[in-house]
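Excluded from the calculations below are hydrogen atoms, water molecules and symmetry mates; all remaining heavy atoms, backbone and side chain alike, are included.
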Number of protein chains: 2
Amino acid sequence: MVPHLVTALTGPINELEQRILESTPAIERWFRLEWMEHTPAFYASVDIRNAGYKLTPVDTDLFPTGFNHLTPDMLPLAVQAAMAAIEKICPEARNLLLIPEPRLLPQAAYRTSVQRLIQIFTQAGLNVRLGALDPTLSAPLRIDLPEGEHLMLEPMVRTPRRLGLKHFDPCTILLNTDLSAGTPAILQGLHEQYLLPPLHAGWGVRRKSQHFQAYEEVAKKFAKLLGMDPWLINPLFTRCDAVDTSTRSGVEALQTQADALLAKIRRKHKEYGIAEKPFVVIKADDGTHGARVLTVRDAKELDDLASDTTAPPLPQRLIIQEGVPTYERVHDAVAEPVVYTLDRYVVGGFYRVHAERAVDENLNAPGAGFVPLAFAESHHLPKRDMRPGASAPNRFYMYGVIGRLAMLAAAYELEATDPYAEVYD
Amino acid sequence: MVPHLVTALTGPINELEQRILESTPAIERWFRLEWMEHTPAFYASVDIRNAGYKLTPVDTDLFPTGFNHLTPDMLPLAVQAAMAAIEKICPEARNLLLIPEPRLLPQAAYRTSVQRLIQIFTQAGLNVRLGALDPTLSAPLRIDLPEGEHLMLEPMVRTPRRLGLKHFDPCTILLNTDLSAGTPAILQGLHEQYLLPPLHAGWGVRRKSQHFQAYEEVAKKFAKLLGMDPWLINPLFTRCDAVDTSTRSGVEALQTQADALLAKIRRKHKEYGIAEKPFVVIKADDGTHGARVLTVRDAKELDDLASDTTAPPLPQRLIIQEGVPTYERVHDAVAEPVVYTLDRYVVGGFYRVHAERAVDENLNAPGAGFVPLAFAESHHLPKRDMRPGASAPNRFYMYGVIGRLAMLAAAYELEATDPYAEVYD
C-alpha cells in the first residue's frame with residue numbers, strides 16, 4: 001500500500017522520484033564514495049515529511065527506538081547490516097553490552113524494541129546482554145515482555161578502563177539511551193572499548209542546528225549530482241542562541257528572525273507556484289524532551305510571548321525551521337514515514353500515523369499509531385517504468401535515499417563535533 | 001511451509017538444528033574470523049541434501065543460474081550483499097560487464113535469471129551491460145524476455161589489457177558462464193580489471209574432488225567448534241584418476257575403491273544405528289555436462305561396465321562419493337534445498353522438486369520444478385524455542401550455515417588452485 005498523497009501527483013516530488021530512480025547507479029556510487037571518507041552513524045531513525053512540493057527529513061535520532069514497529073520481514077536485512085557493521089568495527093567481537101534507556105523501560109513497546117535489537121545482534125553473531133544505567137540496581141532484574149518472554153537487566157561493573165557485567169567483558173558497548181540528561185560518569189573514559197554511538201551523539205551535546213547545517217551541505221552535494229534545487233529536499237532554518245523570550249526585546253529579536261525566514265520561504269513558494277501559506281516551527285535547539293514547539297505563520301503571533309506567564313518559557317537556544325507539512329494519509333489519518341538505518345544500509349521503516357494531529361503538527365506524540373506494512377512491500381525492487389507516486393518500492397526507495405542523506409549528515413555532524421578529532425588527525 | 005521430512009523428527013539432524021541454533025553467536029563469529037583469512041567466493045549456489053541422519057552439500061556452483069527462482073522478497077538482501085561486495089572490491093566502480101552463458105541464453109528461465117542479476121547490481125549502484133562470448137556477434141542483439149521486457153547482448157571489444165563494450169569500460173567483469181569448454185582467449189590476460197569469479201573457478205579447471213577435499217577441512221573445523229562428528233555434514237569420497245573402464249582391470253580397480261568407500265559408510269551407519277543401505281555415486285571429477293552418473297549399492301553392479309558398449313564410456317577422472325538421499329518432500333515430490341550466497345551472505349534459496357525422480361537420484365534434471373516460497377518465510381528470524389524440524393526459519397538457518405560452509409570450502413579450493421598464488425604471496 002502506498003499512502004495516499006493528497007497533493008496532485010504531478011508535483012515536484014514525483015519528478016524527484018523519477019529522477020532518483022533513473023539515477024540509482026549514480027546515487028549508490030555517490031554514497032559509496034561518501035562512505036570512503038565518512039563513517040556512517042551506527043544506527044539511526046529518520047522522520048521524513050512529504051509535502052508533495054518538498055520532501056525533507058525533520059528529525060534524525062541517533063539512538064533509535066521503535067524497532068518493534070519494523071515488520072519481521074525486514075529483520076534479515078537488519079541482521080545482514082549488523083554483520084557488515086561488526087565486521088568493520090571489531091570482527092573478533094564475542095560480546096556486546098547493550099544499554100537501554102531507563103526512562104523508557106517501563107513501556108512495553110520499548111521493551112519489545114530492545115528485544116528486537118537483541119535478536120538482531122545475536123543473529124549477527126554476538127552474545128548480547130543488557131546493562132543497567134541505574135546505579136542502585138544491585139542484582140539482575142527480570143523484565144517481562146508482552147508475549148511471555150523476558151529481558152534480564154544486569155548491574156554494570158566498571159573498572160578503571162573497562163565497562164562490563166559480572167563475568168561479561170564486552171568488546172563493544174551499544175547505547176540505546178539518548179543521554180539527554182548528560183553523560184553518566186560510568187560511560188566516561190572508556191578508551192579500550194568501542195562505544196557506539198560515541199558520547200557526543202547524545203542529546204546533552206547535540207544541537208539540531210548543527211545537524212541541519214551538516215544536512216544542508218549534504219543536500220547541496222546531492223542536488224548537484226542530480227542537477228536539482230537543494231531546497232526540494234532541504235528545510236531552511238535559522239539558529240538563535242541566547243534568546244530571552246521573557247523580555248520584549250528578546251521576543252522582537254526572535255520575531256525579526258522568524259520574519260526573515262518566512263520571507264525566504266515565501267520567495268521559494270512563489271518560484272515554484274506553491275499556493276501553501278508558509279510556516280515556521282520554533283523549538284529548542286537541543287533535544288530536551290517536553291519543551292514547547294511553536295508553529296508560526298506570522299511573526300505577530302509571537303507578540304504575547306513575553307507576557308504569557310501560563311505557558312512554560314522557551315529555552316534560550318532555539319532553532320527556527322521551515323515547516324514542512326505532511327500530505328500523506330493512511331486511512332484518512334495524517335502520516336509520516338520513518339526510515340531506519342544500520343551501518344550504511346536502510347533496514348526498514350514504518351508510517352507514523354496520528355488521527356488527531358494536523359498536517360503541520362508533530363506526529364511523534366502520545367496517540368500515534370504505526371503502520372509497518374507499507375514498507376514491507378518495498379522488499380520488491382524499484383522499477384523505473386511505474387507511474388510516479390503509484391509504486392510502493394519506488395516511493396520507499398526515494399524515502400530510503402532521503403533517510404540515508406540525513407544519516408550521512410549525522411556522520412558529518414559527529415565528525416565536526418568530535419572532541420577527540422585532533423587526537424585522531 | 002517446511003517441507004515434510006519423511007524420516008523421524010528425532011534423528012541426528014534435528015539435534016544438529018538445535019545445536020546450530022544454540023550456537024548462533026559462536027558460529028557467526030567463526031565465519032567472521034574465517035572471512036578475515038579467506039575471500040568469499042563472489043557468488044554461489046549450493047545444492048544440499050537432508051537425509052535426516054545426515055545433511056551435506058552435494059554440489060557448489062560458482063557461476064550460479066536460477067536467480068529467477070528466488071522470491072522477489074529476498075532481492076533486497078541480494079542488493080545489500082552486492083553493495084557490501086562492491087564496496088570491498090572496487091568502491092569507485094561505475095560499470096559492470098556481465099557475461100552470460102551462451103549455451104543457456106536460448107532458455108527463457110535463464111534469461112530471467114540474467115535479468116535478476118542485472119536488477120541486483122543496478123540497484124547496488126552499477127551500470128550493468130551484457131557482453132557476448134560469441135565472437136561472430138557484430139551488432140547488439142535484442143533478446144526478448146517472457147514478460148515483455150528485453151535484454152541487450154553486445155559484442156565485446158578487447159584491447160591488449162582491457163575488455164569492454166563500445167563506449168563502455170568496466171572496472172569489473174562478472175562471469176555467469178561456467179567455462180566448461182575452457183577459457184576463451186578474450187578473457188585471458190586481463191590484469192587491469194577485476195574478473196569475478198577468477199578464471200580458475202571455471203569447470204574447465206575445477207575438480208569436484210578438490211572442492212570436497214576443501215569442504216572436508218572446513219567441515220572438520222566447524223564440527224570441532226560445535227563438538228560433533230564431521231561425518232554428519234560431510235560426504236565421504238574417493239578420487240580416482242586415470243581410470244580406464246573399457247578394460248577389465250580398470251573396472252576392477254574402480255570396484256575395489258567403491259567397495260572400500262561402501263565399507264566405510266557401512267561402519268558409520270552401524271555406529272549411528274542407521275538402517276539405510278549405503279550407496280555411492282560415481283561421476284566425472286570435472287564438471288563436464290551430460291556425463292554418466294552411476295548410483296551403486298554393491299560394487300558387483302559394475303561387473304558389466306567393461307563389456308557394455310551401448311552406454312557412453314565413463315571419463316578417466318572420476319570421483320566416488322557417498323550417496324546422500326534426500327528425504328524431504330514438497331507435495332509428495334522429492335525435494336532438495338538450494339542455497340544462494342553473494343559475498344559472505346545467504347541471499348535466498350528454493351526447493352528443487354522432481355516428481356519423477358527417486359530419493360537417491362540427481363534432481364537437477366529436465367522436469368524439475370522450483371518452490372521459492374519456503375525460503376521466503378526464512379525472512380523471519382530463527383527462534384531457539386521451537387520444536388526442531390517444525391520451524392521454517394530454524395530449518396533454513398541451518399541450511400544457510402551448511403550452504404556457507406560449502407561456499408567457504410570453495411574459497412579454500414580457489415586459494416589452493418590459484419595459478420597466481422605465488423605472485424601474490
Side-chain angles (χ1 to χ4, degrees), chain A residues 21 24-36 71-84 86-88 90-96 116 119-128 148-149 343-348 376-385 393 397 400, chain B residues 21 24-36 71-84 86-88 90-96 116 119-128 149 343-348 376-385 393 396-397 400:
Chain A
L21 283 175
T24 301
I27 291 170
E28 296 301 334
R29 177 173 186 264
W30 180 83
F31 274 120
R32 276 204 304 274
L33 298 179
E34 287 289 328
W35 300 134
M36 287 175 76
T71 136
D73 286 341
M74 304 293 279
L75 289 180
L77 274 174
V79 170
Q80 210 183 60
M83 285 174 163
I86 297 163
E87 185 213 327
K88 273 182 300 179
C90 181
E92 304 90 345
R94 239 183 250 281
N95 298 333
L96 178 78
R116 286 274 189 285
Q119 286 174 330
I120 289 167
F121 288 97
T122 303
Q123 200 59 40
L126 294 168
N127 300 306
V128 185
E149 292 163 293
D343 195 69
R344 71 196 58 192
Y345 307 101
V346 173
V347 298
E377 287 179 35
S378 67
H379 263 216
H380 297 257
L381 297 187
K383 276 191 167 180
R384 292 192 195 178
D385 53 354
Y397 178 64
Chain B
L21 284 174
T24 300
I27 291 171
E28 296 301 333
R29 177 172 186 265
W30 181 82
F31 273 120
R32 276 203 305 276
L33 297 179
E34 287 289 327
W35 300 134
M36 287 176 77
T71 138
D73 286 342
M74 303 293 279
L75 288 180
L77 274 176
V79 170
Q80 209 184 64
M83 285 174 162
I86 297 164
E87 186 212 325
K88 272 181 300 178
C90 180
E92 304 91 345
R94 240 182 248 281
N95 298 332
L96 179 78
R116 284 275 190 285
Q119 286 175 331
I120 290 166
F121 287 98
T122 303
Q123 200 59 41
L126 293 168
N127 300 306
V128 185
E149 293 163 292
D343 194 70
R344 71 195 59 193
Y345 306 104
V346 173
V347 297
E377 287 180 35
S378 67
H379 263 216
H380 297 257
L381 297 186
K383 276 190 166 180
R384 291 192 196 179
D385 53 356
F396 297 137
Y397 177 65

K.L.:
Going from CE on A:Met74 to CG on B:Leu77, what distance comes out if it is rounded to the nearest 0.5 angstrom?
P.N.:
9.5 Å

K.L.:
With a 4.5 angstrom heavy-atom cut-off, which part of A:Ala81 approaches chain B: side chain, backbone, both or neither?
P.N.:
both

K.L.:
As an exercise, state the distance from CZ of A:Arg29 to CG of B:Asn95, rounded to the nearest 0.5 Å.
P.N.:
9.0 Å

K.L.:
Which one of A:Asn127, A:Ile27, A:Thr122, A:Ile120 has the most heavy-atom pairs closer than 4.5 Å to chain B?
P.N.:
A:Thr122

K.L.:
Rounded to the nearest 0.5 Å, what separation is found between the CZ atom of B:Arg344 and the CE atom of A:Met83?
P.N.:
9.5 Å

K.L.:
Need one label for A:Val128: side chain, backbone, both or neither, based on atoms under 4.5 Å from any heavy atom in chain B.
P.N.:
neither

K.L.:
Pick whichever of A:Phe121, A:Trp30, A:Trp35, A:Tyr345 has the most heavy-atom pairs under 4.5 Å with chain B.
P.N.:
A:Tyr345

K.L.:
To the nearest 0.5 angstrom, please state how far the CG atom of A:Leu126 sits from the OG1 atom of B:Thr24.
P.N.:
11.5 Å

K.L.:
In Å, rounded to the nearest 0.5 Å, how long is the span from NZ of B:Lys88 to NZ of A:Lys88?
P.N.:
11.0 Å

K.L.:
As an exercise, state the distance from CG of B:Leu21 to CD of A:Gln123, rounded to the nearest 0.5 Å.
P.N.:
8.0 Å

K.L.:
Highest number of heavy-atom pairs under 4.5 Å with chain A: which of B:Gln119, B:Met36, B:Glu92?
P.N.:
B:Glu92

K.L.:
Given that the side chain runs from C-beta out, which part of B:Ala93 has a heavy atom under 4.5 Å from chain A: side chain, backbone, both or neither?
P.N.:
both

K.L.:
Side chain from CB out, backbone as N, CA, C, O: work out which of these in A:Arg94 comes under 4.5 Å of a heavy atom of chain B, or both, or neither.
P.N.:
both

K.L.:
What is the minimum heavy-atom distance between A:Gln80 and B:Val347, and which atoms define it?
P.N.:
NE2-CG1, 4.2 Å

